[in-house]
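Written below as structure tokens is the structure these notes are about.
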Amino acid sequence: MASYKLLLLPGDGIGPEVMREVEKLIAWFRAQGIAGFETETDLVGGAAYDAHKVAISDEAMRRAQEADAVLFGAVGGPKWADVPYEHRPEAGLLRLRKELGLFANLRPAICYPALADASSLKREVVEGLDIVIVRELTGGVYFGEPKEIVTLENGQRRAVDTQLYTTGEIERIARVAFELAKKRRNKVSSAEKHNVMKSGVLWKQVVTQVHQAEYPEVELEHVLADNCGMQLVRWPKQYDVIVCDNLFGDILSDVAAMLTGSLGMLPSASLGAEDAKTGQRKALYEPVHGSAPDIAGRGLANPIAMIGSFGMALRYSFGLTDAADLLERAITEALASGLRTKDIAAPGTNAVGTSEMGDAVIRELERLSR
Ligand code: IPM
Ligand code: MN
């Protein structure tokens, strides 16, 4: 049985609660002889700040570098509202993304049939939805310098963020999008704002060049990012793969998440470049939802985005396609059986808690693999 090294970083808020459900799954896959996982657990975000006064320790970074994949819960919360900016909980996540070189963030938005009514949009708009947002994750305004607040001579303060992209950064994320589209419905929609941003002008040019030179067989369309947001809530099924920069991807993926019924449903994979020698990629898997401090510690959180993120690890890091398919079917079946956590329950109906939902997925795994 192949064995893989996993680093678990549960983080803050509901992170530890949803991670516990993945630990149950890891134990299940191990017990079935499907795959062995060696796990280590470390701190990130506010939890790391409380222990070490930094958002992630060098030791945890070293473990992340050595792991075959990192599973990440969530970071942040009101408790850390006043910590120094460079040590805020989110800085731990950004350091992981940057130092592991995780430039490609895949955020699939799938509307499970059982959940079409949980979406705030009409059933016919979201039923059967299956799109992926490919978000550039290590560039753009998140990391561009200068990034500062300075006091001017007249006493005013001025804040600067820098949106910055090079051709190489755009080419490599475009390739990820085209490669993915080839395995899906063969369409890429590239979102930017070339009407107001130089980085948008370059983005559009480079994506077009990569398309013409390497992927002419894939359909490519360009869409302004604001229009893309509007189209996502109007008729999302027109899309297959959407590729965009770091900030637009952050926003558009939250919009896409809600189409599926709840932010609690959306998993994500953050991948680095393939190692030329081993063919391996650095990878981190995390739910798109945040730490949800308002419900943390109460066992109410939906674990499906975290479970789905583990499923993406099975698929993208370990090539365990059958196991990943099985896990996705188990999620579908658990939902089809009528179980709902609070975020996806119809008003006035009974909701189950985090661990009951996790147990239901394992029950379906057992049933499906019998
Ligand atoms: C996300 C989150 C992060 C981001 C935060 C926590 C820094 O919103 O992964 O979408 O903005 O990238
Ligand atoms: Mn976000």
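In listed order, ligands and their atoms are each counted from 1.
Looking at Asp250 and the Mn ion (ligand 2) together, the shortest N, O or S contact belongs to OD1.
Linking Ile, Leu, Val, Met, Phe, Trp and Tyr whenever their side-chain heavy atoms come within less than 4.5 Å leaves Leu129 and Val134 in two separate clusters. Val352 is connected to Tyr112 through a chain of hydrophobic side-chain contacts under 4.5 Å among Ile, Leu, Val, Met, Phe, Trp and Tyr, so both are in one cluster.
Ligand 1 has no atom lying under 4.0 Å from any heavy atom of His289.
Side-chain atoms of Lys147 come within 3.5 Å of backbone N or O of Val141 as a donor-acceptor pair. Of the possible donor and acceptor atoms, one in the side chain of Glu136 sits under 3.5 Å from a partner among the backbone N and O of Thr138.
Around the NZ atom of Lys98, the shell of radius 6.0 Å holds more than 12 heavy atoms that belong to other residues, nucleotides or ligands.
Residue contacts with ligand 1, taken as heavy atom pairs separated by less than 4.0 Å, involve Arg97 solely via side-chain atoms from C-beta onward. Contacts with ligand 1 closer than 4.0 Å are made by side-chain heavy atoms of Arg107 only, the backbone lying farther away.
Neither side chain, Gln65 nor Arg62, offers a donor N or O lying under 3.5 Å from an acceptor on the other.
Ranking protein heavy atoms by distance to atom 6 (C) of ligand 1, first place goes to Glu90 CG, 3.7 Å. Considering only non-hydrogen protein atoms, atom 4 (C) of ligand 1 sits nearest to Tyr142 OH, 3.4 Å.
In terms of polar-atom proximity, Asp250 is counted as a contact of ligand 1, with an N or O under 3.5 Å from an N or O of the ligand.
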